[in-house]
Number of protein chains: 2
Amino acid sequence: MGKIRDKFRRYLSEKGLKSTQQRDIILEEFLAAGSHLSIEELYLRIREKHPNIGYATVYRTLKLFSECGIAEEHQFGDGQTRYESVIGEEHHDHLICTRCKRIIEFEDPRIETLQDEVARRHNFKIENHRLELYGLCADCQKP
Amino acid sequence: MGKIRDKFRRYLSEKGLKSTQQRDIILEEFLAAGSHLSIEELYLRIREKHPNIGYATVYRTLKLFSECGIAEEHQFGDGQTRYESVIGEEHHDHLICTRCKRIIEFEDPRIETLQDEVARRHNFKIENHRLELYGLCADCQKP
DNA sequence: CTATGTGCAAAATTTTTGCATAAAA
DNA sequence: TTTTATGCAAAAATTTTGCACATAG
């Protein structure tokens with residue numbers, strides 16, 4: 001868990017950026033909060049304890065997280081950018097219920113293997129990927 | 001090719017919606033244009049020949065296309081919603097070059113099979129899916 | 001006729017930016 | 001002390017909406 005914080009510190013110092021109170025607060029809140037938070041949701045949570053942190057700082061800081069590889073941006077199609085923390089966990093993909101908006105995570109190494117194969121066929125070097133299956137979750141299929 | 005137009009007509013009449021000049025124009029332009037057009041790009045093209053068609057109509061019509069299943073919405077992470085025509089073709093996925101922004105299409109039925117299996121395991125009913133591999137295309141790996 | 005669609009401009013959303021001030025190195 | 005970060009508010013950018021008028025059925 002300290003790994004994420006270390007990676008962030010390291011990234012900041014490599015780039016000559018500064019470690020600030022706000023960045024620490026936002027990182028802690030980001031890690032404490034569950035996955036798939038929208039920027040607004042995160043901002044509101046932070047706001048509760050730290051009413052003086054601005055929206056722009058949250059935007060800028062999340063972008064930093066994403067650049068340094070500790071968070072991933074997602075667009076699940078509701079017009080809100082969501083971020084998910086990414087280090088330490090295995091990469092996972094998503095089942096997204098179009099009715100109740102529930103997000104279920106899964107992973108399947110066999111799919112990853114096939115992706116690598118596709119990439120190789122196109123001389124493509126994968127940095128990242130996104131697999132999302134949209135549909136109805138078990139509950140929402142019941143009438 | 002007439003299939004798409006037919007499906008659209010059928011959808012309109014099923015829903016009691018009307019077939020209008022604008023909808024026809026937008027559909028033709030959408031089909032004529034390559035894949036992955038952003039709403040703005042499409043609007044500008046339409047604008048050239050039909051300067052009186054409004055932005056809102058293009059938005060509303062593309063949403064219709066997507067509802068009736070002849071187009072698919074994509075967000076490739078540049079803040080622009082893109083649409084792609086979908087009928088008649090096999091479903092395909094995307095390799096997206098993060099440097100030159102090129103989009104390469106591919107399909108792999110074996111991946112689809114595994115997706116179905118994952119869905120079954122979660123009692124999930126897939127309506128749609130999206131697989132995007134981000135990274136560097138062959139050209140952009142050369143220094 | 002009647003219901004739906006259109007165009008426009010205004011509003012709502014989401015994200016980015018400029019700039020004076022504050023804080024880190 | 002010099003550079004980078006922050007907060008605010010303003011600006012951009014994207015998408016949606018309200019409404020009077022137009023058009024399809």
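Order of the sequence lines fixes the chain letters, A, B, ..., with proteins taken first and strands second; residue numbering starts at 1 for each chain. All values reported here derive from a predicted model rather than from experimental measurement.
Salt bridge annotation for E73(B)-K63(B): absent, with no cationic side-chain nitrogen under 4.0 angstrom from a carboxylate oxygen. For the pair E117(A) and R110(B), the salt-bridge criterion is met [side-chain N within less than 4.0 Å of a carboxylate O].
Nearest-nucleotide assignment on DNA chain C puts the 5′-proximal partner with K18(B), out of Q21(B) and K18(B). The residue among L12(A) and Q80(B) whose nearest nucleotide of DNA chain D lies closer to the 5′ end is L12(A). Residue order along DNA chain C, read from the 5' end via each residue's closest nucleotide, puts G16(B) first among G16(B) and I53(B).
Ring pair F65(B)/Y83(B): centre-to-centre distance not below 6.0 Å.
Across all strands, K63(A) comes closer than 4.0 Å only to sugar-phosphate atoms, never to a base (heavy-atom distances).
A side-chain donor-acceptor contact under 3.5 Å links H36(B) and E84(B). Donor-acceptor pairing under 3.5 Å is recorded for the side chains of T81(A) and Q75(A).
Checked by atom type and distance alone, the side chain of R23(B) pairs as donor or acceptor with a backbone atom of K18(B) at under 3.5 Å.
L136(B) and Y134(B) sit in two unconnected hydrophobic clusters of ILVMFWY residues. Membership requires side-chain heavy atoms under 4.5 Å apart, directly or through other members.
Across the protein-nucleic acid pair, F65(A) atom CZ and dA5(D) atom P stand 13 Å apart, rounded to whole Å. Atom CG in N52(B) sits about 14 Å away from atom P in dA22(D), given to the nearest Å. In this structure, the OH atom of Y55(B) is 16 Å from the P atom of dA12(D), given to the nearest Å. Whole-Å rounding puts the R23(B) CZ to dT23(D) C1' distance at 11 Å. Taking atom CD1 on I26(A) and atom P on dA5(D), their separation rounds to 12 Å, with Å as the unit.
A sub-4.0 Å separation between OP1 or OP2 of dG7(D) and a side-chain N or O of Q22(A) is present. Taking 4.0 angstrom as the limit, R60(B) places none of its side-chain polar atoms (N or O) nearer than this to OP1 or OP2 of dT16(D). Contact check, T20(A) against dT4(D): no side-chain N or O comes under 4.0 Å of OP1 or OP2.
On the nucleic acid side, DNA chain C contacts chain B at distances under 4.0 Å to non-hydrogen atoms, with the end points of that region at dA3(C) to dC8(C).
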